[in-house]
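Letters A, B, ... are given to chains in the order of the sequence lines, protein chains preceding strands, and every chain is numbered from 1. From a predicted model like this one, the values you see are computed outputs, not experimental measurements.
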Amino acid sequence: MKRTKIKEILTNPIINEEYLVKGWIRTHRNVKQIHFIALNDGSTVKNLQIVIDEKDFDSKFLKRLTTGASIGVRGTLVESLGKEQSVELKAINVELYGECDAETYPLQKKGHSLEFLRTIAHLRPRTNTFGCIFRIRHAAAFAIHYYFNQRGFIYLHTPIITGSDCEGAGKMFKVTTLDLYNLPYTPDGKIDFSQDFFGRETNLTVSGQLEGELGALALGEIYTFGPTFRAENSNTPRHLAEFWMIEPEMAFYDINDNMDLAEDFIKYIIKYVLDNCPDDLQFLNDRYDNELIDRLHWVLKEKFARITYTDAIEVLLKSNENFEFPVYWGADLQAEHERYLVEKYYKKPIIITDYPKEIKAFYMKLNDDGKTVRAMDVLFPKIGEIIGGSQREDDYDKLLKRVKELNIPEKDVWWYLETRKFGTAPHSGFGLGFERLMLFLTGMSNIRDVIPFPRTPKNAEF
RNA sequence: UCCUCAGUAGCUCAAUUGGUUAGAGCAUCUGACUGUUAAUCAGAGGGUUCCAGGUUCAAGUCCUGGCUGGGGAGCCA
């Protein structure tokens with residue numbers, strides 16, 4: 001007999017139909033002769049209630065059906081006598097695939113703290129909370145591919161291992177096959193990377209953007225969606241050493257086209273999750289963040305405010321707020337400043353553009369004023385910067401000048417510079433931190449809870 | 001990396017000014033209960049008080065160092 005997923009049964013129940021379901025026991029309770037099992041198979045946050053009449057089964061066997069055990073149940077779907085569910089499966093036959101020792105199984109029926117669940121990341125997907133989160137994560141990832149595919153973007157696979165360390169986005173993890181206990185050295189005492197696997201120093205990527213631009217300047221519109229790595233010693237609820245980033249890059253887009261895309265894109269993902277994960281969102285809304293669903297709807301209908309950095313500084317200076325960090329033109333915006341702008345002043349997502357060139361990356365297009373660059377940061381309530389992007393510098397001479405000013409070795413970026421030499425074109429792009437988006441979509445407050453296996457300083461278990 | 005708070009049973013927490021044999025709820029186990037809903041009721045078992053030193057007649061409690069975790073900040077996405 002073919003197995004049916006619980007989600008399908010609950011979506012389209014056929015009374016008196018015989019079904020085979022397979023999953024894990026969430027709870028098992030009995031009143032005298034009748035046993036009730038809440039079965040979950042991961043297809044939905046909802047459980048299917050299995051009803052077992054003890055007289056049809058061996059009572060010793062039923063004792064082995066403990067919380068966490070994996071079973072298959074063949075039975076008849078009937079209307080439930082209980083109030084909490086409309087249908088239930090009356091068991092005809094139960095197969096026990098994997099027992100679960102109740103004495104040592106760390107998950108109990110009652111709730112656990114998120115901190116504790118992080119220490120058992122191998123088991124936490126079995127909880128309602130993490131089931132919801134990872135289903136939403138999947139839906140969001142699927143929506144991202146769907147969105148770009150519909151619009152003719154090419155999914156470009158940029159390298160994980162990179163020879164360039166000039167992206168300037170953070171400290172990098174080294175990749176090597178050299179024997180660390182017996183390193184080869186050059187005559188002048190440096191490590192001899194010519195003997196390494198790639199014959200040069202290599203690292204894990206901190207961004208696929210530079211390679212993404214190469215794709216955009218050939219294929220038109222591309223996006224990347226893959227893991228990125230930052231070896232920063234960041235210990236916050238918003239940072240990971242390994243995280244997933246989405247980086248679209250578009251030829252012939254200026255900064256305004258870029259902003260339009262960013263806003264449309266992020267709203268699409270939110271809408272997709274609202275439409276496709278109502279049960280999961282409702283669970284998280286009830287359990288963790290009562291304003292989650294309202295907030296998602298609210299962002300959908302708000303037009304993001306678009307302001308320049310210079311305007312933002314003026315707003316902050318006029319604010320009469322007592323900021324810890326001083327506000328002046330040229331200063332980078334601190335978390336407290338961003339929070340004031342988003343949550344108190346504009347009260348909606350904002351896009352800040354045209355930052356001073358000194359506080360932004362070398363590849364951003366210089367404005368005519370010679371002082372600011374066509375950068376754009378999208379700031380969200382609760383989570384801060386969710387997107388960073390810019391129109392890219394497409395003028396060879398200006399880009400080369402910036403490279404030299406910042407002492408970036410030309411030998412490392414020659415290939416990047418060449419795109420501006422051979423048929424350069426205006427183009428733009430941005431990067432979206434997938435887990436930051438997940439924080440917003442799920443209402444979770446710690447980024448370690450929206451990725452299955454978080455990598456953070458001093459933590460690479462599992 | 002900086003600031004700050006914390007670490008006691010499987011989990012969540014309590015333990016007076018440093019003072020007897022470190023407690024409770026949940027979980028687990030045993031039993032009861034003829035339809036339960038994180039069932040309920042009764043009983044039982046369960047502790048290297050994060051680690052290493054130190055002060056003291058006496059340390060879960062005070063001191064020093066370390067480790068781990070939470071919150072805030074920086075770096076950023």
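Along RNA chain B, the nucleotide closest to A:Glu435 and the one closest to A:Glu84 are compared, and the more 5′ of them pairs with A:Glu84. Along RNA chain B, the nucleotide nearest to A:Pro106 and the one nearest to A:Gly82 differ in position, and the one closer to the 5' end is contacted by A:Pro106.
A:Gln85 comes within contact range of at least one nucleobase, with a heavy-atom separation under 4.0 Å. When heavy atoms are screened at a 4.0 angstrom cut-off, A:Ser113 is found touching the sugar-phosphate backbone but no base atom. In this structure, A:Gly384 reaches neither bases nor backbone, as no heavy-atom distance under 4.0 Å exists between it and the strands shown. Residue contacts for A:Ile387: at a heavy-atom cut-off of 4.0 Å it reaches the sugar-phosphate backbone alone, with no base atom in range. Using a 4.0 Å heavy-atom cutoff across all strands shown, A:Phe116 reaches sugar-phosphate atoms only and no base atom. Within the 4.0 angstrom heavy-atom criterion, only backbone atoms of the sugar-phosphate kind lie near A:Ile386; the bases stay farther away. Residue contacts for A:Gln334: at a heavy-atom cut-off of 4.0 Å it reaches the sugar-phosphate backbone alone, with no base atom in range. Within 4.0 Å (heavy atoms only), A:Arg118 reaches sugar-phosphate atoms of the nucleic acid but no base atom. Within the 4.0 angstrom heavy-atom criterion, no nucleotide atom of any strand lies near A:Ala38. At a threshold of 4.0 angstrom between heavy atoms, the contacts of A:Glu54 with the nucleic acid are absent. Contact annotation for A:Glu385: backbone-only contact, meaning every heavy-atom pair under 4.0 Å involves sugar-phosphate atoms and none involves a base.
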Encode nucleotides 43-48 of chain B as B, S and - characters from 5' to 3', where the letter depends on protein heavy atoms closer than 4.0 Å: B to the base, S only to sugar-phosphate, - to neither.
------
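The side chain of A:Pro237 lies closest to B:G71 when the candidates are B:U36, B:A38, B:G71. The A:Lys63 side chain lies nearest to B:G31 when the options are B:C33, B:C76, B:G31.
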Any protein N or O atoms within reach of nucleotides 1-8 of chain B? Criterion: under 3.5 Å, listing atom names and distances.
residue, atom, partner, partner atom, Å
B:U1, OP1, A:Asn233, ND2, 2.4
B:U1, O5', A:Asn233, ND2, 3.4
B:U1, O4, A:Asn235, N, 3.3
B:U1, O4, A:Asn235, ND2, 3.1

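Shown here for A:Arg448 and A:Pro454, the closest heavy-atom pair between the two residues is O-CG, 3.6 Å.
The nearest whole Å value for the distance from the OH atom in A:Tyr105 to the P atom in B:C26 is 21 Å. Here B:G69 presents its C1' atom at 15 Å from CD1 of A:Ile120, a figure rounded to the nearest Å. Between the CD atom of A:Glu338 and the C1' atom of B:A73 there is a distance of 13 Å, rounded to whole Å. Per the geometry, CD1 belonging to A:Ile447 stands 13 Å off P belonging to B:G70, to the nearest Å.
A cation-pi contact links A:Arg151 to A:Tyr147, judged by a cut-off of 6.0 Å to the six-membered ring centre and 45° from its axis.
With hydrogens and angles left out, the side-chain atoms of A:Arg29 and A:Thr27 include a donor and acceptor closer than 3.5 Å. A donor and an acceptor atom, one from each side chain of A:Arg26 and A:Asn128, are located under 3.5 Å apart. There is a side-chain donor-acceptor pair under 3.5 Å between A:Tyr363 and A:Gln209. If you check the side chains of A:Gln282 and A:Asp286, you find a donor sitting under 3.5 Å from an acceptor. Using modelled atom types and a 3.5 Å distance limit, the side chains of A:Glu247 and A:Ser207 yield a donor-acceptor pair. A side-chain N or O of A:Thr129 and one of A:Tyr288 form a donor-acceptor pair less than 3.5 Å apart. For the 3.5 Å distance criterion, the side chains of A:Tyr309 and A:Asp377 fail to qualify, holding no donor opposite an acceptor.
For B:A6, the paired base is B:U68 (Watson-Crick or G-U wobble, both distances below 3.5 Å). B:G25 and B:C11 make up a base pair, with Watson-Crick or G-U wobble contacts both under 3.5 Å. Nucleotide B:U1 forms a Watson-Crick or G-U wobble pair with B:A73, both donor-acceptor distances falling under 3.5 Å.
When the shell of 6.0 Å around CZ of A:Phe142 is examined, it contains 12 or fewer heavy atoms from other residues, nucleotides or ligands.
Partners of A:Lys357 by salt bridge (charged side-chain N to carboxylate O under 4.0 Å, His left out), not counting sequence neighbours: none found.
Side-chain N/O atoms of A:His239 and base N/O atoms of B:C76 include a donor-acceptor pair closer than 3.5 Å. Checked by distance alone, A:Glu115 brings no side-chain donor or acceptor within 3.5 Å of a matching partner on the base of B:G71.
Between A:Lys109 and B:A38 there is no side-chain polar atom (N or O) within less than 4.0 angstrom of OP1 or OP2. Proximity of A:Arg339 to the phosphate of B:A73: a side-chain N or O atom is located under 4.0 Å from OP1 or OP2. The side chain of A:Arg448 places an N or O atom within less than 4.0 Å of a non-bridging phosphate oxygen (OP1 or OP2) of B:G70.
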